Amino acid sequence: MRQRILTLGLILVARTLFAQEALTLDSTVPGHTGNSITAPVSGNAWIDLRQNAKPGAVQNAPDWVEAVTFIPAGTQADAAAPSVFRIRLARPGGRASVLFFRLFFNDQTAARPAIVAWDESGSQLLRSGPLGTGIDLESSESVMIPMHGITTIDVEVPGEGNSVRGAYLEWMSSSEMVHASGVGSQDAVPQPFAATLPLHAPAQDAEEFGTVTASLSADLIRIGSTSSHAATFEFGLESQPLLALITFEIAGPRIDSPPEVIANGENVGPASLVMPGLADPGYRGEMHAIVSQMQFQYTGWLRAQKIVPVSALRTGTNNITIINGPNAAGAVIRATQIQLKYLWDKADYILKPDR
């Protein structure tokens with residue numbers, strides 16, 4: 001049975017988020033002449049949920065974003081009730097039936113947000129579990145919401161709600177999809193701006209086409225830019241591989257100072273970050289007093305990879321250390337794994353004579 005818990009009292013205390021009005025892209029702001037760049041027709045929206053906007057500030061939104069309101073925790077009858085960001089939506093035309101909802105927030109253990117979906121009558125249709133993992137970094141999490149009958153989406157946040165920064169919404173079309181059998185159907189759904197599929201640590205070592213894939217750690221591990229805040233993994237090799245690849249995901253990296261990999265005491269250089277398109281709202285700029293150029297941190301999870309020279313590895317016990325870049329703050333890594341490539345009976349290689 002659907003639980004009817006949205007009351008008139010909640011609506012009465014709702015106030016527009018610091019007087020920010022949701023304007024359609026066709027709206028004209030007095031005194032604003034616009035520019036020569038025409039925004040493309042799009043089924044996406046960035047909604048700024050920061051609470052430091054000036055009174056009377058406005059933000060543009062497509063016409064299917066009907067209203068954005070904020071209900072502070074202290075104004076509700078239940079003293080334990082969270083703060084609520086309420087987004088009222090109208091479903092656009094066409095084949096759009098699923099909403100991609102990505103929330104940007106400071107991932108604090110005591111303030112993990114949740115997403116709740118309601119219908120027009122005030123019945124709760126869907127509720128996510130707490131988002132994030134409590135890594136205490138600026139991050140983001142995404143959910144797919146089937147919008148059949150849903151008119152309102154709430155973001156519930158324990159406390160004052162200051163940990164929430166914004167939300168990116170995009171309408172998704174539903175169709176039959178073909179994907180590799182080794183990839184879960186949920187992981188195979190392409191997400192806006194994403195350059196890779198989610199990375200998972202293998203449950204056990206696996207071999208395919210002469211390549212061994214092994215997990216070094218599936219855990220969340222915090223790293224810093226000093227040796228005392230590095231993550232070290234130990235593994236054994238029965239024979240020397242032809243090629244070795246370290247792969248992991250990192251939250252909150254500074255994109256110009258990626259983590260570095262050390263193999264058996266030898267620094268083999270920085271890892272390569274697989275970057276999404278620059279339109280991704282996950283990029284967050286930082287300005288420092290003595291630096292003229294803006295620096296960027298990615299507020300989400302990115303895949304990182306590093307080819308390890310086989311000369312740095314040895315038969316027997318090996319150590320791989322991951323340390324953050326020299327100018328980067330703290331970050332968190334997960335799903336750390338290694339791939340080792342060996343000769344096999346169908347290996348493809350050529351012999352090139354010396355000249």
Side-chain angles (χ1 to χ4, degrees), residues 20 25 35 37 39-40 42-53 57 59-62 65 68 85 99-108 113 131-133 135-144 155 162-172 189-199 222-225 247-260 270-306 324-335:
Q20 295 186 76
L25 294 177
N35 55 44
I37 299 177
S42 175
N44 60 15
W46 166 256
I47 300 177
D48 190 348
L49 299 178
R50 294 173 296 177
Q51 298 182 46
N52 57 359
Q59 56 176 312
N60 290 335
V65 180
V68 179
F85 297 90
L99 185 69
F100 174 83
F101 192 104
R102 182 179 177 188
L103 187 67
F104 294 81
F105 58 99
N106 191 304
D107 189 0
Q108 303 169 12
L131 301 180
T133 52
I135 57 177
D136 200 25
L137 292 173
E138 292 290 340
S139 189
S140 58
E141 291 285 347
S142 304
V143 295
M144 296 280 193
V155 177
N162 294 326
S163 59
V164 172
R165 181 161 63 95
Y168 175 80
L169 285 63
E170 181 163 344
W171 288 98
M172 312 285 282
V189 176
Q191 297 187 7
F193 309 111
T196 60
L197 298 177
L199 183 67
R222 188 172 297 276
I223 62 171
S225 56
T247 305
F248 54 93
E249 284 189 332
I250 180 168
R254 196 175 123 178
I255 64 173
D256 64 341
S257 186
E260 299 179 352
S272 297
L273 299 175
V274 182
M275 305 301 303
L278 294 183
D280 189 329
Y283 291 96
R284 189 181 194 186
E286 297 179 351
M287 287 296 293
H288 299 267
I290 60 174
V291 179
S292 59
Q293 184 175 345
M294 183 175 290
Q295 299 160 348
F296 283 88
Q297 177 192 28
Y298 188 78
T299 56
W301 292 92
L302 291 180
R303 182 175 298 194
Q305 293 183 304
K306 179 62 182 176
N324 216 3
N327 300 313
V332 171
I333 62 173
R334 69 181 181 188

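Remember, it's a predicted structure, so these values are computed and weren't measured experimentally.
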Closest non-hydrogen atom pair between Gly330 and Leu137, with its separation: O-CD2, 3.7 Å

Would you sort out whether Thr247 and Gln305 count as a side-chain contact (heavy atoms from CB on, under 4.5 Å), showing the intermediate values? CA-CA 4 Å; Thr247 305; Gln305 293 183 304; 3.4 Å; yes

Phe104 and Trp46: CA distance, side-chain angles, deciding distance, side-chain contact (heavy atoms from CB on, under 4.5 Å) verdict: CA-CA 11 Å; Phe104 294 81; Trp46 166 256; 3.4 Å; yes

Report the distance from atom CD of Glu138 to atom CZ of Arg284, rounding to the nearest 0.5 Å. 4.5 Å

Measure across Val332 and Ile135 and return the closest heavy-atom pair with its distance rounded to 0.1 Å. CG2-CB, 3.9 Å

Considering only heavy atoms from C-beta outward, does the side chain of Glu260 approach that of Pro326 to under 4.5 Å? yes

Arg165 vs Phe105, test: side-chain contact (heavy atoms from CB on, under 4.5 Å). Steps then yes/no. CA-CA 5 Å; Arg165 181 161 63 95; Phe105 58 99; 6.0 Å; no

Minimum heavy-atom distance Pro258-Asp256, with the two atoms named: CD-C, 3.6 Å

Hey, are the side chains of Asn106 and Asp136 touching, using non-hydrogen atoms and a 4.5 Å cut-off? yes

What heavy-atom pair brings Ala331 and Asn324 nearest, and what distance separates the two atoms? CB-ND2, 3.7 Å

Before giving the answer on side-chain contact (heavy atoms from CB on, under 4.5 Å), spell out for Trp171 and Asn44 the whole-Å C-alpha distance, their side-chain angles and the decisive distance to 0.1 Å. CA-CA 6 Å; Trp171 288 98; Asn44 60 15; over 6 Å; no

Could you grab the distance from atom CD of Glu249 to atom CZ of Arg303, nearest 0.5 Å is fine? 6.5 Å

Which atom pair, heavy atoms only, marks the closest approach of Gly325 to Ser225? O-CB, 3.1 Å

Report yes or no: do Tyr168 and Asp280 form a side-chain donor-acceptor pair below 3.5 Å? no

Hey, are the side chains of Leu103 and Pro113 touching, using non-hydrogen atoms and a 4.5 Å cut-off? yes

If we only count heavy atoms from C-beta on, is the Val68 to Leu49 side-chain gap below 4.5 Å? yes

Nearest heavy-atom pair of Arg102 and Thr299: which atoms, and what distance? NH2-O, 4.2 Å

Do Trp301 and Leu199 touch side chain to side chain, with heavy atoms closer than 4.5 Å? no

